[in-house]
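As structure tokens, the structure follows; a few thoughts come after it.
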Amino acid sequence: MSGYSIDRRRFVAGSTALGAATLLSSRGLGAQYNPDFDVIVIGAGIAGLAAARELVRQDLKVLVLEARERAGGRIYTAEDEVVFHGVELGAQYIHGSKADTWELIEDFGIQTMALSEMGDAELRTFSPGNPNAVPDLARIEQAFKTIYERFEAYRGEDTDVLDWVQTQGFGVFEQGVATRSALSWSAEPDRMSARSAMEDSALWEAYKDKDFKVMGGYSRIIEKLQAELKGKIRLDAAVEETVWAEGLVGVYYNDRGATSSVTGRSLISTLPIGVMQAESVKMTPPLPPWKLDAIDAFEMGQVVVVPMMFATPFWRNKVPEPGGWTGEDGRINLWIPHSPARGGHSVVGYFQGTAAKRLSSLGEQEGLRQVLEWLGQASGEVNVASHLTWHRFQDWQQERYTLGSYSFPRPGGAEQREPLRRSISDTLFFAGEATAPPPHYQTVHGAYASGKRVANEVMEALKRRASEADETEEPEASTS
């Protein structure tokens with residue numbers, strides 16, 4: 001294992017570190033010339049765990065603080081092992097045969113399967129009174145082509161998708177297709193940057209070849225990372241405030257009802273955009289204006305995931321497995337992913353935008369009733385509820401440590417992605433899916449790559465600081 005050590009006496013030789021120690025001392029943390037950790041990581045999602053793994057491999061002393069009672073963040077496999085394949089409440093698939101996360105799959109020997117190996121998916125559309133309709137795929141493909149060609153010729157300012165399609169004179173059908181383009185990023189068309197929706201969608205199509213299912217559930221990866229980082233992760237440890245100055249940080253967190261504190265040389269934040277915008281974690285001193293502007297340039301999508309099990313596959317004569325239905329506007333999606341090995345017959349509800357907001361406002365009981373009503377409209381089956389044997393209702397908007405599904409850029413936000421991931425004073429570092437470059441934000445592999453990136457940034461910063469301390473240290477007195 002390659003690594004390096006940092007002489008703690010040399011580290012605190014500079015006035016910057018002394019100033020930081022004084023600041024932390026004023027907050028009751030003591031003038032700690034030997035911080036508790038080299039690096040403190042906020043968040044035990046895939047970005048935080050990836051960063052911690054890299055840093056530990058370099059012999060650095062690392063602590064990961066996670067607010068939830070579980071690791072994984074937006075990777076969340078249902079604990080109810082009702083199907084062999086794993087029921088995903090968060091991230092669903094590995095996107096692409098070139099995703100960075102394949103190195104974890106190989107390291108841990110985890111089994112995967114390409115969705116294409118489960119059969120050719122056949123998707124139907126529906127609207128009230130028109131169940132199980134066959135979409136005109138050729139017309140949809142032509143509409144996408146027309147929209148992208150029009151955007152390539154567009155030279156105006158960035159605006160939202162809805163405004164752009166309306167000013168371009170598209171018909172109702174093309175406007176609906178453009179709306180789906182925004183919703184493919186879990187963004188309402190009046191919220192997302194048209195530039196990002198068009199350009200990033202093109203990049204995504206060029207990047208992705210297949211989707212893959214993690215057999216047994218995505219959380220298998222998290223479990224393996226937790227095992228590697230045993231003793232370095234504190235769960236149920238919600239960070240309340242970070243006090244920082246160049247070269248030193250102090251973190252106050254809720255330790256099962258009591259406030260605890262730790263100090264470190266560097267801090268990595270993997271907080272989601274929604275949590276940063278809510279200012280759930282106080283920063284003292286506050287983040288600089290350029291960083292706040294970058295955070296405000298993005299927004300969290302709305303997603304509710306409702307996996308369901310049914311005693312009978314009442315849809316089998318109407319749509320094949322795998323397959324499913326989507327509402328005409330793309331906000332309501334009901335997938336039949338595969339025939340499970342046990343537990344019944346599966347339908348996964350994936351709801352976005354205003355549909356997700358409606359379910360969130362209804363709550364689980366009434367929200368499930370609405371989902372079953374939509375499934376009835378889609379399949380043409382009456383009394384769908386009588387077949388239901390199991391379900392989960394995962395509302396990511398109500399998750400207090402996420403406050404949404406994943407990030408998308410508002411109009412003009414594309415230029416803010418670099419400032420979003422830029423470090424501050426070689427002390428505060430930022431990772432997470434929102435910091436990943438297009439088209440990899442919103443993905444597990446994008447978040448994972450951001451964790452590896454930020455680990456390298458931290459190591460380089462610590463090396464620079466140690467080198468600077470070397471240069472400023474007074475030479476020892478001569479004995480001759």
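Residue numbers run from 1 in the order of the sequence given. Every heavy atom of this structure was used, including side-chain atoms; hydrogens, water molecules and symmetry mates were not.
- Note that CD of Glu66 and OH of Tyr253 are 13.5 Å apart. Values are rounded to the nearest 0.5 Å.
- Comment: Arg465 does not engage Asp426 in a salt bridge, judged by the lack of any side-chain N to carboxylate O separation of less than 4.0 angstrom.
- A side-chain donor-acceptor contact under 3.5 Å links Glu188 to the backbone of Thr354.
- Exactly one residue among Val454, Leu55, Val39 makes a side-chain contact (heavy atoms from CB on, under 4.5 Å) with Met459. That residue is Leu55.
- Counting heavy atoms from C-beta on, the side chains of Trp204 and His95 come closer than 4.5 Å.
- Considering Arg68, Arg74, Gln397 as possible partners of Thr402, the one that fulfils the side chain to side chain donor-acceptor pair (under 3.5 Å) test is Arg68.
- Checking Gln92 against Tyr350 by side-chain atom types alone, no donor-acceptor pair falls below 3.5 Å.
- We find the CE-CE distance between Met113 and Met215 to be 4.5 Å, quoted to the nearest 0.5 Å.
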(request) Kindly determine whether Glu103 and Lys452 satisfy salt bridge (charged side-chain N to carboxylate O under 4.0 Å, His left out), including the steps that lead there. (result) CA-CA 12 Å; Glu103 62 186 31; Lys452 296 187 69 175; 2.6 Å; yes
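- Between the side chains of Ser186 and Gln352, at least one donor N or O lies within less than 3.5 Å of an accepting N or O.
- Partner of His445 under the ring-ring contact (aromatic ring centres under 6.0 Å, His included) criterion, out of Tyr207, Trp102, Phe212: Tyr207 alone.
- Between the side chains of Ser201 and Trp185, at least one donor N or O lies within less than 3.5 Å of an accepting N or O.
- Looking at heavy atoms from C-beta onward, Leu428 lies out of side-chain contact with Ser269 at the 4.5 angstrom threshold.
- Nearest heavy atoms, Val348 versus Ser346: CG2-OG, 4.1 Å.
- A distance of 13.0 Å separates CZ of Arg392 from CG of Leu368, quoted to the nearest 0.5 Å.
- In this structure, the side chain of Arg70 engages the main chain of Gly73 through a donor-acceptor pair within 3.5 Å.
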(request) Please assess Arg453 against Asp100 for the test salt bridge (charged side-chain N to carboxylate O under 4.0 Å, His left out), listing each intermediate value before the final yes or no. (result) CA-CA 12 Å; Arg453 173 209 24 104; Asp100 292 78; over 6 Å; no
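- For Asp329, the salt bridge (charged side-chain N to carboxylate O under 4.0 Å, His left out) partners two or more places apart in sequence, or in a different chain, are Arg331.
- At least one side-chain heavy atom of Leu462 sits less than 4.5 Å from a side-chain heavy atom of Ser266.
- The main-chain N or O of Leu104 is never found under 3.5 Å from a side-chain atom of Thr101 such that the two would form a donor-acceptor pair.
- Between Leu123 and Trp335 there is a side-chain heavy-atom pair separated by less than 4.5 Å.
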(request) Carefully, step by step, assess Lys210 and Glu117 under the rule salt bridge (charged side-chain N to carboxylate O under 4.0 Å, His left out). (result) CA-CA 10 Å; Lys210 296 180 180 181; Glu117 296 178 21; 5.7 Å; no
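- Of all the heavy atoms in Tyr448 and Ala50, the pair that sits closest is CD1-CB, 3.4 Å.
- Under the salt bridge (Lys or Arg N to Asp or Glu O under 4.0 Å) test applied with Arg410, the options Asp296, Asp160, Asp190 reduce to a single match, Asp296.
- Of all heavy-atom pairs spanning Gln416 and Asp293, the tightest one is OE1-C, 4.2 Å.
- In plain terms, the two heavy atoms of Tyr218 and Ile75 that are nearest each other are CB-CG2, 3.6 Å.
- Formation of a donor-acceptor pair under 3.5 Å by the Asp395 side chain with backbone atoms of Leu359 is not found in this model.
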(request) Under the side chain to side chain contact (heavy atoms under 4.5 Å, CB included) rule, what do Trp244 and Ile424 come out as? Steps first, then yes or no, please. (result) CA-CA 10 Å; Trp244 68 279; Ile424 300 174; 3.6 Å; yes
(message) Test side chain to side chain contact (heavy atoms under 4.5 Å, CB included) on Val41 and Leu65; report intermediate values, then the result.
(response) CA-CA 6 Å; Val41 181; Leu65 296 173; over 6 Å; no
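- No donor-acceptor pair closer than 3.5 Å links the side chain of Gln302 to the backbone N or O of Gly404.
- With contacts defined as side-chain heavy-atom distances shorter than 4.5 Å, the pair Leu271/Met276 qualifies.
- Between the side chain of Asp236 and the backbone N or O of Arg256, no donor-acceptor pair lies under 3.5 Å.
- Rounding to the nearest 0.5 angstrom, the gap separating the CG atom in Leu89 from the OG1 atom in Thr77 is 7.5 Å.
- In the model, Gln277 has no side-chain atom that pairs as donor or acceptor with a side-chain atom of Glu299 under 3.5 Å.
- Of all heavy-atom pairs spanning Glu246 and Ser425, the tightest one is CG-O, 3.5 Å.
- The backbone N or O of Leu115 sits nowhere less than 3.5 Å from a side-chain atom of Lys213 that would complete a donor-acceptor pair.
- For the pair Arg191 and Phe408, the cation-pi test (distance below 6.0 Å, angle within 45°) is failed.
- The NZ atom of Lys208 lies 12.5 Å from the NE2 atom of His440; values are rounded to the nearest 0.5 Å.
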(request) Could you walk me through whether Arg265 and Asp38 pass the salt bridge (charged side-chain N to carboxylate O under 4.0 Å, His left out) test, one step at a time? (result) CA-CA 5 Å; Arg265 306 181 191 286; Asp38 294 309; 2.9 Å; yes
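- Using a 4.5 Å heavy-atom threshold, the side chains of Trp164 and Arg195 count as separate.
- Between Ala99 and Ile94, the shortest heavy-atom distance links the atoms CB-CG2, 4.0 Å.
- Atom CD1 of Ile42 sits about 10.0 Å away from atom CD1 of Ile268, to the nearest 0.5 Å.
- Taking the six-membered ring for Trp and thresholds of 30 and 60 degrees, Trp374 and Phe351 have ring planes inclined between 30 and 60 degrees apart.
- A donor atom on one side chain and an acceptor atom on the other are not found under 3.5 Å apart for Ser450 and Glu433.
- Counting non-hydrogen atoms of neighbouring residues, nucleotides and ligands closer than 6.0 angstrom, the CD atom of Glu279 reaches no more than 12 such neighbours.
- The closest donor-acceptor contact from the side chain of Thr427 to the backbone of Gly247 lies under 3.5 Å.
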(request) List the steps, then state whether side chain to side chain contact (heavy atoms under 4.5 Å, CB included) holds for Val281 with Glu240. (result) CA-CA 5 Å; Val281 177; Glu240 299 171 342; over 6 Å; no
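- In summary, Lys224 and Glu228 do not engage in a salt bridge, as defined by a charged side-chain N under 4.0 Å from a carboxylate O.
- Judged by distance alone, the side chains of His391 and Glu364 do bring a donor and an acceptor atom under 3.5 Å apart.
- Between the side chain of Ser196 and the main chain of Ala414, no donor-acceptor pair closer than 3.5 Å is present.
- For Thr242 (side chain) and Val251 (main-chain N/O), no donor-acceptor pair under 3.5 Å exists by modelled atom type.
- In this structure, the side chains of Leu225 and Phe108 come closer than 4.5 Å at one or more pairs of heavy atoms.
- Within the 4.5 Å cutoff, side-chain heavy atoms of Phe393 are placed close to those of Val304.
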